[in-house]
Amino acid sequence: MLETPLPKSIATVCLSGSLPDKMEAAASAGFQGVEIFEQDLLTHDGPPEGIRAMAEDLGLAITIFQPFRDFEAMPEPQRRRNMDRAERKFDVMQALGTDLVLVCSNVQPAAMDDPARAAADLREMAERAAARGLRVGYEALAWGRHVNRWRQAWDIVRRADHRALGLILDSFHTLSLGDTLDGLAGEVPGDRIAFVQLADAPRLSMDVLSWSRHFRDFPGQGELPIAEFAREVLRAGYRGPLSLEVFNDEFRAAPARRIARDGHRSLIWLDSVLAGPSVPASPLPAPPVLGGVEFLEFAVDEAKGRELGGFLSNLGFRLAGQHRSKSVELWRQGGVNLVLNSEPDSAAAGHFELHGASVCATALRVDDATRALSRAEALLCSTWRERLGEGERPIPAVRAPDGTLIYLVEPGAEGRSIWESDFHLLPGAAEAPGALERVDHVAHALAQGQMEGFVLFHRAVFGLEPAPPMDLPDPQGLVQSRAMADPSGRVRMPLNVSESRQTATGRFVSAIAGAGVHHVAFSTPDAAAFVAGRAAPMLTIPGNYYEDLAARFGLDDRLLADLERGHLLYDRDARGGEFVHAYTVSFEDRFFFEVVERRAGYADYGAANAGVRMAAQARARPWLPAPRD
Ligand SMILES: O=C(O)c1ccc(O)c(O)c1
Ligand SMILES: [Mg+2]
């Protein structure tokens with residue numbers, strides 16, 4: 001049984017900036033150690049002793065110095081030269097104050113396919129290291145010339161049989177080749193594992209070297225079975241640091257403190273996922289049980305509030321209440337609550353100043369707001385409390401990565417809802433007639449480089465699980481999309497990002513000066529009836545779409561005519577679940593609404609129709625020039 005979580009470390013290669021910038025960011029995010037990547041030291045203008053002192057001041061251990069390349073199984077005279085090279089690196093390590101060096105498996109064409117020679121070379125290196133009180137760890141690179149699996153590396157370490165030589169495991173090298181750590185516990189004693197590096201990644205079909213050098217990400221952000229990997233490492237008895245080693249083009253370009261904080265969040269989350277018989281109960285409070293979206297709040301000023309109110313009434317919403325002390329309106333239809341906030345000097349006003357009319361907060365129903373809040377704090381999130389008027393109920397909030405707030409709403413203690421305590425409800429409003437049941441999903445548009453941070457935030461804090469990424473075709477470029485949902489499907493959140501500024505996603509991000517809610521979908525039991533009964537201007541869908549629908553799904557003529565008349569889109573899943581949906585035109589090219597009808601357990605979002613929707617939106621803005629070269 002482990003007493004405490006393993007120490008947390010991060011490789012300097014994950015972060016942007018100079019070596020001191022990287023170390024400062026790692027320390028401020030709360031890491032206990034850093035791997036010093038050699039390139040970062042070579043480009044630093046100052047002696048290694050200064051880095052050692054800086055690490056001490058920051059309270060950081062230097063967990064390892066890396067990498068030492070192309071060492072083992074070389075013919076003479078390279079072999080001898082490599083030993084000399086090792087001695088020089090030992091000098092650097094001693095100046096840095098670290099006792100461990102990472103040797104990655106040789107990639108040179110001249111390397112010999114000779115495990116006995118590799119073992120003899122590493123044994124000699126370990127002997128030289130031990131003479132100075134240092135240690136060597138050997139890691140199989142997935143693209144190593146002859147050694148690319150952990151079992152091969154272990155075979156060599158075992159043959160070398162030196163107490164100053166151990167095995168280094170890196171989740172990417174193992175998992176990218178489809179390998180696992182099955183058999184590690186039992187075969188490799190925990191104290192022979194010198195170091196463990198963790199990196200996740202999206203599943204991509206490309207050569208493993210390019211995949212590793214550009215697309216790694218933090219645990220929980222990608223699609224590799226990182227938790228299983230880490231669990232096997234612990235089962236084998238490893239008790240050293242868990243260290244993040246991520247090569248990622250976007251991370252290297254992003255602010256170091258934000259990436260370091262995301263990295264630490266990923267390891268805190270991983271601890272909680274690993275909690276089990278051989279790992280102590282995680283200090284992290286359990287994720288909230290989510291009951292859906294209680295309301296969405298739009299930041300507006302008075303004029304925009306009037307316009308948006310008009311837009312909503314065309315959709316069938318009614319003004320249902322006025323806040324007791326603030327300039328805040330409640331608009332309601334069936335089970336959907338929308339709040340329009342134009343209160344000066346509030347969080348919403350700050351949001352409106354920066355982004356204009358847009359969603360500034362999402363309220364989630366949670367079983368226990370206090371527990372949810374302390375989980376978020378333990379995951380390094382900042383939290384927020386709005387100032388309160390007399391008798392109003394406090395609603396704590398967590399700040400999402402786009403700066404919007406996520407309110408945590410508990411079921412009312414004495415049956416009094418937040419609406420009753422904070423609003424003057426208009427007569428009859430509680431029974432507002434309407435065909436909308438609930439908020440079905442809240443789609444976000446993200447700027448380039450924000451996807452990983454959002455996925456991790458919602459996964460770690462709220463327990464939403466990401467679906468595999470997919471590409472959606474916009475006339476002006478591709479949109480990458482990843483849908484997140486809680487296990488019950490009550491909270492669903494597709495995330496979209498695009499490189500092009502001309503796509504629906506890209507335009508949104510520039511219109512609103514940042515990431516944010518791009519559309520909100522409401523569920524209805526009858527989408528055709530909903531559309532027929534509202535005055536809202538809907539997005540028009542071309543006839544060709546319906547021709548193709550008929551061909552793809554063999555729909556009967558009457559259904560097809562109904563769909564076409566209502567500008568409704570249609571999808572069907574492999575189990576016969578059906579999806580009928582329609583979009584409003586957008587509100588000032590900022591956001592739009594969708595009505596969705598799910599039949600027979602359909603659980604997706606009609607991705608097959610996204611291209612049709614985006615083309616229709618592009619057509620609805622003819623004044624937008626096509627990109628030119
Ligand atoms: O890409 C590389 O060269 C490289 C170097 C050192 C590592 O630990 C690693 O996993 C990859
Ligand atoms: Mg590595």
Side-chain angles (χ1 to χ4, degrees), residues 6 8-15 19 22 26 33-43 62-72 82 85-86 89 92-93 96 98 100-109 111 122 125 135-154 156-157 165-177 179 181 184 193-201 204 206-219 222 224 226 229-230 232-233 238 240-249 251-252 263 266-267:
L6 302 185
K8 296 176 173 55
S9 159
I10 184 167
T12 55
V13 73
C14 304
L15 303 172
L19 184 52
K22 293 167 189 244
V34 283
E35 299 184 34
I36 300 283
F37 216 70
E38 184 171 33
Q39 182 67 18
D40 289 322
L41 185 67
L42 298 182
T43 54
I62 295 180
T63 50
I64 201 168
F65 179 61
Q66 75 127 332
F68 192 85
R69 297 184 192 275
D70 302 328
F71 169 76
E72 79 284 14
N82 278 347
R85 190 157 64 91
K89 296 305 166 189
V92 175
M93 289 165 64
L96 278 175
T98 183
L100 184 59
V101 62
L102 176 149
V103 175
C104 50
S105 58
N106 201 326
V107 302
Q108 291 301 314
L122 282 162
M125 183 174 179
R135 298 178 295 138
V136 177
Y138 183 51
E139 173 194 50
L141 292 180
W143 55 92
R145 182 94 184 155
H146 302 295
V147 175
N148 50 32
R149 303 267 175 168
W150 69 264
R151 274 177 203 280
Q152 292 174 291
W154 168 241
I156 289 168
V157 167
L165 178 68
L167 176 67
I168 292 185
L169 295 167
D170 177 322
S171 60
F172 183 86
H173 296 302
T174 297
L175 302 175
S176 62
L177 297 179
D179 200 359
L181 292 184
L184 180 81
I193 302 172
F195 201 68
V196 173
Q197 297 174 317
L198 295 178
D200 202 340
L204 300 171
M206 63 183 345
D207 72 283
V208 76
L209 170 60
S210 310
W211 186 15
S212 177
R213 291 267 172 90
H214 302 283
F215 297 102
R216 290 187 182 207
D217 52 20
F218 293 136
L224 301 181
I226 295 293
F229 180 94
E232 288 309 308
V233 163
Y238 173 74
L242 290 179
S243 192
L244 298 169
E245 187 199 25
V246 166
F247 307 84
N248 181 301
D249 300 359
F251 290 15
R252 284 173 195 254
S266 80
L267 288 178

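Scope of the values below: all heavy atoms of this structure, side chains included, with no hydrogens, waters or symmetry mates. Start at 1 and go down the list; that is how both ligands and their atoms are numbered.
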- Whether Q197 has an N, O or S atom under 2.8 Å from the Mg ion (ligand 2): yes
- Query: Are E139 and Q66 linked by a side-chain donor-acceptor pair shorter than 3.5 Å?
  - Reply: no
- Query: For D170, what is the atom name of its N, O or S atom nearest to the Mg ion (ligand 2)?
  - Reply: OD2
- Find, among atoms of E245 that are N, O or S, the one nearest to the Mg ion (ligand 2), and state its name. OE1
- Message: Apply side-chain contact (heavy atoms from CB on, under 4.5 Å) to residues L100 and F65 and explain how you reach the verdict.
- Response: CA-CA 6 Å; L100 184 59; F65 179 61; over 6 Å; no
- Message: Let's go through D170 and R216 carefully: what are the C-alpha distance in whole Å and the side-chain angles of both, what is the deciding distance for salt bridge (charged side-chain N to carboxylate O under 4.0 Å, His left out) to 0.1 Å, and is it a yes or a no?
- Response: CA-CA 12 Å; D170 177 322; R216 290 187 182 207; 3.3 Å; yes
- Task: Measure from NZ or CZ of R252 to the centre of the six-membered ring of F247, then state whether that distance is under 6.0 Å and the direction lies within 45° of the axis.
- Result: no
- Query: Going by distance alone, is a donor N or O of one side chain under 3.5 Å from an acceptor N or O of the other, for T174 and D179?
  - Reply: no
- Query: Which atom, among the N/O/S set of E139, is closest to the Mg ion (ligand 2)?
  - Reply: OE2
- At a 4.0 angstrom heavy-atom cut-off, what protein residues surround ligand 1? Q66, P67, R69, L102, E139, L141, W143, D170, H173, Q197, R213, R216, E245, F247
- Query: Side chains of F229 and L169: does their closest heavy-atom pair fall under 4.5 Å?
  - Reply: yes
- Message: Just by distance, no angles: are the side chains of E35 and T63 close enough, under 3.5 Å, to form a donor-acceptor pair?
- Response: no
- Do F172 and E245 pass the side-chain contact (heavy atoms from CB on, under 4.5 Å) test, and can you show the C-alpha distance, the side-chain angles, and the key distance before you say yes or no? CA-CA 9 Å; F172 183 86; E245 187 199 25; over 6 Å; no
